[in-house]
Number of protein chains: 2
Amino acid sequence: MKMSSGVEWALHSCVTLSQSHEPVPAARLAELHGTPPAYTAKHLQALSRAGIVRSTMGQVGGYTLTRPAAEISALEVVRAIDGDEPAYRCAEIRQRGPLGIPAEQCSRPCAIARAMAAAQDAWSRALAEISIADLAADIDADSDGTAMSDVRRWLTATRS
Amino acid sequence: MKMSSGVEWALHSCVTLSQSHEPVPAARLAELHGTPPAYTAKHLQALSRAGIVRSTMGQVGGYTLTRPAAEISALEVVRAIDGDEPAYRCAEIRQRGPLGIPAEQCSRPCAIARAMAAAQDAWSRALAEISIADLAADIDADSDGTAMSDVRRWLTATRS
DNA sequence: GCCTCTGTACTCGGATATAGTCTGTCCGAGTATCTTGGG
DNA sequence: CCCAAGATACTCGGACAGACTATATCCGAGTACAGAGGC
């Protein structure tokens, strides 16, 4: 049960993008976060496919959020990067072996699968309640209100 | 974010073991569940290391639960197989790049890491509230009360 | 002076190697039972 | 008939290959701006 490390980069990238109304190139985000440029770009493509960010080509292109940061949940970002299939996938053990139950009698999911699904739902709900704007605000509060303004200043300074 | 498939086998094995006071060999559990014998044994060893099951060697040896099934949570089994490290591991991106924060200023975990940890806590709590006895009861209810008695009968029948 | 066309520099996007981990398997170490021999 | 010692058969435990996914990278397709030339 290991989450892709790209999730962390994607969340940080979304927080950074929430501080800029202009497109930010993937290379700029990679430089700011100290991450491999090419691999960072790959994850941004995944966010683009999921409809979370919009890509703009051309000389002053880059990535922008498609929606206000308050309307983007952390769950969406995690699912865009890590996939939306549940962590636990029932292999229907109950149908196998000498005491296997015929498939036609299995109307409900296995009790074990139900328990794991309930846990995953609790996890999803916790992440769905957190927006990118919340994360930006929390990061800002941790730094006494300097972090986000520093990011905005850096983004405009490196644009020239 | 993919959970080891061995988690499913381990949970089913614990439910089966809860129906027997006598040691059950790994090969017997593998046969009942239709799983690869050697690999099933490997996961049972992990349960043994975690203190969830006790192994008995010798001619009539096998595995038994160390505690009543009601005192073993699904979370313990999952952690024994899948590892107890959290799915999200913060790489401290905030300390990297041109706007990196010095490590000595990072007293609290990163806000993003806190959010992911809260989600994992919700997931853990959901699994901690479910015991092996609960799972056995649910499986029994799904089959109108025949599943567990069938398991007990099969275990005693194949012992001879 | 204004418009248009071309060139260029910059961007994203998907296809391509590499590494680590999970899956699956095998053989050796250890123990309780069963048998056999003696008292 | 009872006891003890040895052989045996069964168990678990850790060490060993194979396959798959995640990681990391590169190069090609596409677009907007800048500049030069013509009207």
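In what follows, chains are A, B, ... by sequence order, proteins preceding strands, each numbered from 1.
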- Against the side chain of A:Pro36, the closest entry in C:dG24, D:dT25, C:dC26 is D:dT25
- Separation of D:dA22 P from A:His43 NE2 (nearest whole Å): 11 Å
- Item | Interatomic distance, B:Ile81 CD1 vs C:dT21 C1' [rounded to whole Å] | 16 Å
- Message: Nearest 0.5 angstrom please: B:Tyr88 OH to A:Leu11 CG, how far?
- Response: 6.0 Å
- In whole angstroms, the gap separating C1' of C:dT23 from CD of B:Glu8 amounts to 15 Å
- Message: Does D:dT25 have its OP1 or OP2 closer than 4.0 Å to a side-chain nitrogen or oxygen of A:Tyr39?
- Response: no
- Message: For B:Met1 and A:Lys42, find the nucleotide of DNA chain D closest to each by heavy atoms; which residue's nucleotide sits nearer the 5' end?
- Response: B:Met1
- Item | Test item: B:Asp82 side-chain N/O and B:Ser4 main-chain N/O as donor-acceptor pair under 3.5 Å | yes
- A:Ile130 side, atom CD1; A:Arg125 side, atom CZ - distance, nearest 0.5 Å: 13.5 Å
- Whichever of A:Met3 and A:Gln59 has its nearest DNA chain D nucleotide further upstream toward 5': A:Met3
- Query: Can you check the A:Arg89 CZ to C:dT23 C1' distance for me, whole Å?
  - Reply: 13 Å
- Item | B:Leu44 CG to C:dT25 C1', straight-line distance once rounded to whole Å | 16 Å
- Query: Within the structure, does a side-chain N or O atom of A:Arg54 lie under 4.0 Å from either OP1 or OP2 of C:dC12?
  - Reply: no
- Query: Is the shortest side-chain N/O distance from B:Thr56 to OP1 or OP2 of C:dA32 below 4.0 Å?
  - Reply: no
- By nearest-nucleotide position on DNA chain C, the 5'-leaning member of A:Ser48 and B:Thr40 is A:Ser48
- Message: If we ignore hydrogens and angles and just use 3.5 Å, is the side chain of A:Ser20 paired with the main-chain N or O of A:Leu17 as donor and acceptor?
- Response: no
- Message: Quick one: does any side-chain atom of A:Asp138 pair with a main-chain N or O of B:Ala111 as donor and acceptor, under 3.5 Å?
- Response: no
- Message: It should be established whether A:Ser5 places a side-chain nitrogen or oxygen under 4.0 Å from OP1 or OP2 of nucleotide D:dA22.
- Response: no
- Item | Length of the line joining B:Met57:CE and C:dG28:C1', which is rounded to integer Å | 10 Å
- Note on the structure: Considering only heavy side-chain atoms of B:Ser55, the closest of C:dT23, C:dC12, D:dC12 is D:dC12
- What nucleotide, of D:dG30, D:dA24, C:dT33, holds the atom closest to the side chain of A:Trp9? D:dA24
- Query: So, is A:Tyr63 near the phosphate of C:dG13, with a side-chain N or O under 4.0 Å from OP1 or OP2?
  - Reply: yes
- Query: Which of these nucleotides, D:dT23, C:dC12, C:dG24, is closest to any side-chain atom of A:Ala26?
  - Reply: C:dC12
- Message: Closest approach to the side chain of A:Arg49, judged atom by atom: which nucleotide of C:dG30, C:dG14, C:dC12 is it?
- Response: C:dG14
- Message: So B:Gly62, base contact, sugar-phosphate only, or nothing? Heavy-atom distance under 4.0 Å.
- Response: sugar-phosphate
- Query: Between C:dT23 atom P and A:Lys2 atom NZ, what is the distance in whole Å?
  - Reply: 12 Å
- Query: Any donor-acceptor pair under 3.5 Å linking the side chain of A:Glu76 with the backbone of A:Ser73?
  - Reply: yes
- Task: Give the rounded distance in Å between these two atoms: CD of A:Gln45 and P of D:dT23.
- Result: 15 Å
